[in-house]
Structures are given as C-alpha cells and as structure tokens.
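All remarks here apply to the structure that follows.
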There are 2 protein chains.
Amino acid sequence: MGPNVERRPPVMADVARLAGVSHQTVSRVLNDHPNVRAETRTRVMRAIDQLGYRRNLVARALVTKHSRTLGVVSFDTTLYGPASTVYGIEQAARDAGYFVSIVSLRTIDRAGVNDAIGYLAEQGVDGIVVVAPQRSAARALDDLPAGMPAVAVEGWHQGDVSVVSVDQVEGARLATSHLLGLGHETVWHVSGPADWLEAEGRCEGWRAVLTEAGRRVPDLLTGDWSPRSGYQAGKHLAAMAGDVTAVFVANDQMALGLLRAFTEEGVKVPEQISIVGFDDIPESEFFSPPLTTIRQDFGAVGRRSIDVLLRQIESNEPLPHERLVVPPQFVRRGSTTGAR
Amino acid sequence: MGPNVERRPPVMADVARLAGVSHQTVSRVLNDHPNVRAETRTRVMRAIDQLGYRRNLVARALVTKHSRTLGVVSFDTTLYGPASTVYGIEQAARDAGYFVSIVSLRTIDRAGVNDAIGYLAEQGVDGIVVVAPQRSAARALDDLPAGMPAVAVEGWHQGDVSVVSVDQVEGARLATSHLLGLGHETVWHVSGPADWLEAEGRCEGWRAVLTEAGRRVPDLLTGDWSPRSGYQAGKHLAAMAGDVTAVFVANDQMALGLLRAFTEEGVKVPEQISIVGFDDIPESEFFSPPLTTIRQDFGAVGRRSIDVLLRQIESNEPLPHERLVVPPQFVRRGSTTGAR
DNA sequence: CCGGGTTGTGTTAACGCTCACAGTTCTTGC
DNA sequence: GCAAGAACTGTGAGCGTTAACACAACCCGG
C-alpha cells in the first residue's frame with residue numbers, strides 16, 4: 001500500500017504527524033486531558049486508529065515511575081485455596097486498572113520468596129501481594145525493598161506489613177463447637193503441616209474450644225493437605241473407631257481421604273463418626289455424605305488485599321499497618337450428626 | 001548516615017560514580033559481558049550491593065524492545081484444568097527467564113479476549129499464550145496485533161497460530177473403548193457445554209468409537225463441568241437404570257455429581273453402572289469408588305506451549321505454525337467393571 | 001479596543017538504560 | 001623495544017513517553 005513499508009509499529013510522533021499536531025497533543029488526547037479542542041481530539045483519534053497505534057506503556061512507566069502492575073507471589077496455584085485467592089486478587093486488581101504479574105513458587109522458603117520479590121521489584125511493580133501461608137515464607141517480608149508497598153495474604157505477621165486473612169481460629173471454633181454441640185464427648189483433629197500458619201490457626205481454635213469446655217484433647221494427627229494423607233489418618237482413626245466419634249479435618253481434600261478410608265473399613269459417616277472439613281471446595285457438597293465444612297471467602301480476601309495495597313500505593317506517606325480479617329462461614333451438610 | 005539523604009533509589013550512574021567507572025561498564029558487569037577486568041568487576045559489584053542497587057528493567061525494556069514478560073489470557077483459573085495449565089505455563093516461563101502477566105477472564109467471549117490481548121500488547125509483552133477453550137474465544141486469535149508471537153492452548157484453530165493441546169479425541173476413545181472392552185453394550189456420555197472445544201473433542205471421540213463398533217449412540221446429556229450438573233445428569237440416568245450400564249463423563253467433577261446421584265438413588269457403581277471420568281483431579285483417587293479416568297498432563301502442555309512461543313520470539317522470521325498434541329493417559333480404578 | 005485571564009497547543013528536557021563507536025591500555029611476537 | 005592487534009573502558013545518542021514551561025489565540029468587562 002504505497003510507500004509506507006515501515007514495519008516498526010507506529011509511535012506517538014507518527015500519529016502526531018498524520019494528525020498535524022504535536023506529539024504532546026496526542027499524549028493529551030490519550031490521557032483525557034481537558035484542554036484539547038473537540039475537533040483536534042477527533043482528528044487525533046482518527047489518526048490513531050488509521051495507524052493502529054497503541055501506546056507504549058513501558059515508555060510511559062519509565063517517566064511516570066508507575067507501571068500499574070502489581071506483583072503476586074504465591075505457592076502452588078494448583079491447589080484450590082491459592083488458586084482462588086490469586087483469582088480474587090487478579091480480578092480486583094484489574095477492576096482497579098492494574099495488571100498482575102505472578103510468580104508461583106514450587107517450593108516455599110524464605111530465599112525463594114525473597115528472590116521472587118526481588119525480580120518483581122526490578123520489573124518495576126507498584127506493589128506486591130505475598131500469599132505467604134508458611135511461617136518461613138512470611139518472614140521473607142522482613143526484608144522487602146525499602147518503600148515497596150506490600151500486603152501479606154493468609155500470613156501471620158507482626159512486622160511491618162499489612163495482613164489480610166480468613167479468621168482460621170474462628171473457623172476452627174465454629175467446627176469444633178458444632179461437633180460438641182451435637183453431643184460428642186470430644187473432637188479429634190487432623191491438622192495441616194506444622195509450618196503452615198493456617199494449620200496452626202485451625203489447631204489453636206480446636207484446642208481452645210475443647211479446653212474451654214473442659215474436654216480431653218486427643219492426640220493430634222498431622223497431614224499434608226493431600227487426600228492421601230487424609231486417607232492415612234482415616235485408616236488410623238478407623239482402627240480405634242470405638243473411641244472416636246467426631247473429627248475436625250483441616251481441609252476438605254483430607255476429609256475426602258478420611259471418608260474413603262472409613263468406607264473401606266466399614267465405618268459409617270455420620271452414624272459412627274461425624275466429620276467437619278474446611279474450605280468448602282466445589283466438590284464437598286457432592287461427597288458421600290455431603291461434607292459439613294467451613295467456607296472461606298477467597299474472593300473477599302483478594303479484594304480486601306488489593307484495597308489495602310492500592311491505598312498504600314496511592315497515598316504518598318507510609319500508612320499504618322492494618323490487620324484485616326475475613327469471617328469464615330459454617331456450612332452444615334450431611335457428614336455430622338449427634339453422638340450415639 | 002552522613003549527607004546521603006537521597007531517597008530516590010540508586011541508578012546505574014550512582015553505582016558508576018561510586019565504583020569510579022562509567023555507567024557503561026556497570027551495564028557490562030550486569031550483563032556478564034566478557035570484556036571486563038576481574039578487578040573492575042568486583043569493584044562494581046561491591047558498589048552495587050553497597051548501594052543496594054537494582055537494575056530498572058523498565059528502562060532496559062524500552063531500549064531493547066524486549067520485556068522478558070509473557071502474557072497469559074485464561075478463563076476462570078479457579079477450575080483445576082485452567083489453574084494447572086497456567087501453573088505449568090508460569091513454571092516453564094520462569095525457567096526460561098521470563099515473567100508472566102496474567103489476565104483471567106470472568107466471562108469468555110471474543111471481545112473480552114481481544115481486550116485482554118490489547119492490554120497485554122500495550123504493556124509490551126514479548127508474546128502471548130491464550131488458553132482459549134471455547135470456540136468464540138479461539139476466534140479472537142484472528143485479530144492479534146501484527147507480528148505478536150502467540151500460541152493457543154487447548155484451542156482448536158486452523159488459523160494463523162500454533163496450538164498446543166491434549167488429544168481430547170484420543171482420550172475419549174480410550175475411555176469409551178475401555179468400557180466397550182469390558183463388555184458393555186453401549187456407552188452413555190455426559191458432555192461439557194456445547195461451545196467448549198474440549199467438550200466437542202471428547203464427544204467426537206466417544207461417538208467415533210461407538211460408530212466404529214456398530215453400537216447404538218445414546219442421546220447425549222450435557223452439563224456445564226460443575227458437580228451439580230453431573231448430579232442432575234445422574235438423577236436422569238438413574239431413572240433409566242435398566243438401560244444404562246456405562247457412562248463416560250466429560251470431567252471428574254461431573255462424575256462426582258453422578259456418583260452422588262447414584263448413591264442417593266441406590267444405584268451401585270460399578271456393579272450396576274460403570275463410570276469413566278476425565279482429568280484425573282487429585283480427588284478422583286479417593287472418590288467412592290475411586291474413579292477410572294483419563295489423565296491430562298497439564299504441566300507438559302504448559303512446557304510445550306512455552307517452547308513453541310519462545311522459539312517464535314527468539315527467531316526473527318515468522319515460523320510455520322505448529323500443532324502439538326500431548327497424549328492423554330488412561331487410569332484404571334474402581335468405578336468400572338464388566339457388564340452383567 | 002485593550003489588559004488579564006482562560007484555553008489550546010508546541011518545545012524542550014528528562015526518565016534509566018543499551019547500542020554503536022571511539023578511545024585507551026595491555027599483550028605479544030619478532 | 002615497537003608495531004599490530006587484542007582487551008578493556010568511556011562517550012554520546014536515542015528508545016517513546018510525560019512533565020514543565022512557553023507561547024499563541026481567544027474571551028470578556030470596563
């Protein structure tokens with residue numbers, strides 16, 4: 001089409017030339033600056049889509065010092081919890097006009113989280129969300145680049161950073177009280193891995209309710225969140241079926257493992273043993289029996305954390321650090337019933 | 001600490017000044033350029049971590065025209081499939097030294113995908129991966145910005161772009177043949193939503209095997225991937241339990257719904273009805289009974305798509321478009337058995 | 001009909017880096 | 001001991017945008 005064989009994508013100057021204005025006027029049109037004559041504006045617009053011009057946000061970021069990109073550091077986004085949290089974060093960020101750059105760690109440790117934060121900082125993100133469910137990872141937040149707005153999600157931390165999380169202790173209390181309220185003498189607990197903050201919180205809530213009610217606190221069983229580990233715990237519990245009448249399991253996947261083990265061993269749920277899970281994954285409602293569980297609102301967690309982060313970014317002074325807690329919700333289904 | 005109260009983060013020039021070299025030498029050190037004296041290198045390095053300098057990748061991207069960032073467009077990354085695919089993509093990208101910027105669509109349509117691609121292009125990504133499981137979304141790839149390297153994942157497309165996907169047709173053939181091989185007269189199918197390419201492929205494979213074997217092709221049932229829709233299909237099938245002895249369900253979540261419905265209706269699996277799922281989610285092994293299913297290797301899909309994309313980015317000429325297919329794997333478990 | 005404010009537009013200089021090239025210093029062989 | 005080349009280092013320009021300022025054209029009341 002004529003002599004225009006330039007393969008280089010058009011830049012602002014090209015648009016300016018075609019529209020017969022200066023590049024700065026083009027910039028003003030693009031940024032909705034008020035002082036542009038309507039006629040000029042349309043002329044520029046026409047030139048823009050005639051050339052198929054797209055502005056270069058990299059150049060813009062260089063001068064404004066704002067990339068409108070947020071960094072997210074997470075761990076194994078294959079799991080329902082992290083995946084949902086990250087999804088919530090991404091949605092909230094985009095609604096606010098921000099991009100999201102994700103680093104999903106394979107193994108989670110302080111060095112890994114630190115590296116990830118470093119990469120993101122170099123890349124020029126305006127702020128960072130760290131989904132730091134493990135104690136060791138949460139500690140990496142101590143050495144954030146100075147002045148980098150950040151927020152921790154599901155991380156326990158008393159340091160220099162705001163935290164948004166679901167109230168794990170309360171969730172565990174809900175689960176345990178429910179079981180006690182049904183008349184069970186005590187409640188067993190299959191917890192998550194020791195280093196996880198969520199596992200810790202759930203364990204704490206469970207223990208607290210039992211202690212307050214003056215009940216015996218049974219030995220703790222520990223899994224790794226996987227259905228398989230729940231299955232193993234289930235085999236163990238089935239062997240002492242007489243003693244056990246109620247189990248609070250730290251997540252729904254492990255609860256499924258328990259269910260499977262109990263089925264194999266001929267232990268009836270809920271007739272012989274009642275089970276409460278945690279998370280309310282989409283599958284739980286269709287387990288056999290449907291699982292009584294504690295729902296976490298991951299979407300809310302994502303939105304709240306972006307709120308906090310953007311407030312930090314958009315204010316110039318450092319803001320006081322907040323601790324936001326999202327309440328969990330009890331969901332009664334078929335896996336729990338009164339003691340014999 | 002002395003007069004150094006500059007709050008602005010250090011730049012290359014600052015490092016250069018402190019090390020007593022030119023900014024260009026600092027750049028050379030940072031980029032592992034060979035021709036730098038060892039002594040100079042260490043002097044620069046010392047200056048770098050004395051100042052806590054981090055290079056500004058935005059400025060670098062502006063001049064090199066490469067951001068080392070890849071864009072990913074996906075849909076509802078809360079689901080196991082998309083989440084796993086995106087995870088695989090992110091891992092592979094990071095291993096290759098690239099960042100990943102994600103846009104996770106709420107609803108999937110051509111306009112949405114187009115917008116997302118537009119945003120990513122402005123942001124200066126070097127290439128784009130589109131996880132486009134729906135026909136309408138896949139079509140958005142027709143109007144990619146010219147010269148933008150791209151690859152479609154799980155997308156059927158005969159156009160101008162490379163595609164990486166799991167062989168859905170083959171997976172469905174595996175499932176259906178297994179059931180037929182067990183002696184079932186025919187196999188029913190609960191498919192995914194009509195517009196989904198995966199649903200289509202699975203349906204096609206199922207139909208093909210049945211036709212080739214000269215069997216009756218039963219009416220198709222359609223779900224929406226959710227356990228609930230599987231539950232509804234299950235209720236329907238249970239009502240005609242006499243006729244139905246084998247069902248191939250288009251994903252594991254719906255299969256769980258079927259299982260639940262059958263349990264409620266007193267239909268025994270696999271004694272009365274055999275079920276095969278698709279995906280092999282981590283839970284499937286612990287369903288009651290454990291689910292026979294078709295495993296998709298999402299990690300491999302992610303790696304392959306990044307391979308293809310990087311080859312496009314790193315070569316200068318446009319490469320021929322490829323069609324890479326990852327084989328599915330049959331996983332036999334307890335939900336299938338021979339016909340009466 | 002002329003000064004002072006508003007409105008619209010252009011000019012120039014950054015932003016922090018890499019590239020191309022121009023120097024400078026060090027080797028090396030004869 | 002000196003030319004020729006290799007090894008190392010410095011200089012200047014430019015990537016595409018926005019910010020800051022300068023300037024022209026217009027409006028209005030006295």
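Just so you know, these numbers use all the heavy atoms, side chains as well, and skip hydrogens, waters and symmetry mates. The structure presented is a predicted model; accordingly, all values stated were derived computationally and were not measured. In what follows, chains carry the letters A, B, and so on, assigned in the order in which the sequence lines appear, proteins first and then strands, with residues in each chain numbered from 1.
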ask   = Expressed in angstrom and rounded to an integer, what is the separation of Met12(A) atom CE from dG16(D) atom P?
value = 12 Å
remark   = From CG of Leu62(B) across to P of dA13(D) the rounded distance in Å is 18 Å
inquiry  = Under 4.0 Å, counting only non-hydrogen atoms across every strand here, what does Asn35(A) touch: a base, just sugar-phosphate, or nothing?
reply    = base
request  = Examine dT9(D): is either OP1 or OP2 under 4.0 Å from a nitrogen or oxygen in the side chain of Arg37(B)? Give yes or no.
outcome  = yes
ask   = So, is Ser27(A) near the phosphate of dT18(D), with a side-chain N or O under 4.0 Å from OP1 or OP2?
value = yes
key: Lys/Arg N to Asp/Glu carboxylate O, Arg110(A) vs Asp143(A), below 4.0 Å   = yes
ask   = Within the pair Thr25(A) and dG10(C), is there a side-chain N or O less than 4.0 Å away from OP1 or OP2?
value = yes
query = What is the distance, rounded to the nearest whole Å, between atom CG of Asn31(B) and atom C1' of dG16(C)?
reply = 13 Å
task = Kindly indicate whether the side chain of Arg28(B) and the base of dG10(D) share any N or O donor-acceptor pair separated by less than 3.5 Å?
result = yes
ask   = For Ser104(A), does its backbone N or O pair with a side-chain atom of Gln91(B) as donor and acceptor, under 3.5 Å?
value = yes
ask   = Any donor and acceptor pair, going by atom type alone, linking the side chain of Gln312(B) with main-chain N or O of Ala150(B) inside 3.5 Å?
value = yes
inquiry  = Please report the distance, rounded to the nearest Å, between CZ in Arg8(B) and P in dA14(C).
reply    = 13 Å
inquiry  = Using whole Å, what does the distance between atom C1' of nucleotide dT17(D) and atom CZ of Arg68(A) come to?
reply    = 16 Å
query = Does Thr40(B) or Val63(B) map to a spot on DNA chain D nearer the 5' end, using the closest nucleotide for each?
reply = Thr40(B)
remark   = Nearest-nucleotide check on DNA chain C, His33(A) vs Ala59(A); residue mapping nearer the 5' end is His33(A)
ask   = Within the structure, does a side-chain N or O atom of Tyr53(B) lie under 4.0 Å from either OP1 or OP2 of dG16(C)?
value = no
query = Val21(A) near the nucleic acid: base, sugar-phosphate alone, or nothing, with a heavy-atom cut-off under 4.0 Å?
reply = sugar-phosphate
key: Side chain of Gln24(A) - closest among dG16(D), dC15(D), dT18(D)   = dT18(D)
Proximal nucleotide (of dC17(C), dG16(D), dG10(D)) relative to the Arg60(B) side chain = dC17(C)
No-hydrogen, no-angle side-chain donor-acceptor test under 3.5 Å, Thr69(B) and Gln123(A) = yes
task = Round to the nearest Å and state the distance from Arg43(B) atom CZ to dT9(D) atom C1'.
result = 11 Å
query = Phosphate oxygens OP1/OP2 of dT18(D): is one of them under 4.0 Å from a side-chain N or O of Lys65(A)?
reply = no
query = Expressed in angstrom and rounded to an integer, what is the separation of Leu57(B) atom CG from dC15(C) atom P?
reply = 19 Å
task = Check whether any side-chain N or O of Asp126(A) sits under 3.5 Å from a backbone N or O of Leu70(A) as a donor-acceptor pair, and report yes or no.
result = no
key: Between P of dC8(D) and NE2 of His23(B), the distance in whole Å   = 19 Å
Check ion pair Asp115(B)-Arg94(A) (N to O, under 4.0 angstrom) = no
ask   = Out of dT9(D), dT17(D), dC17(C), which nucleotide sits closest to the side chain of Val11(A)?
value = dT17(D)
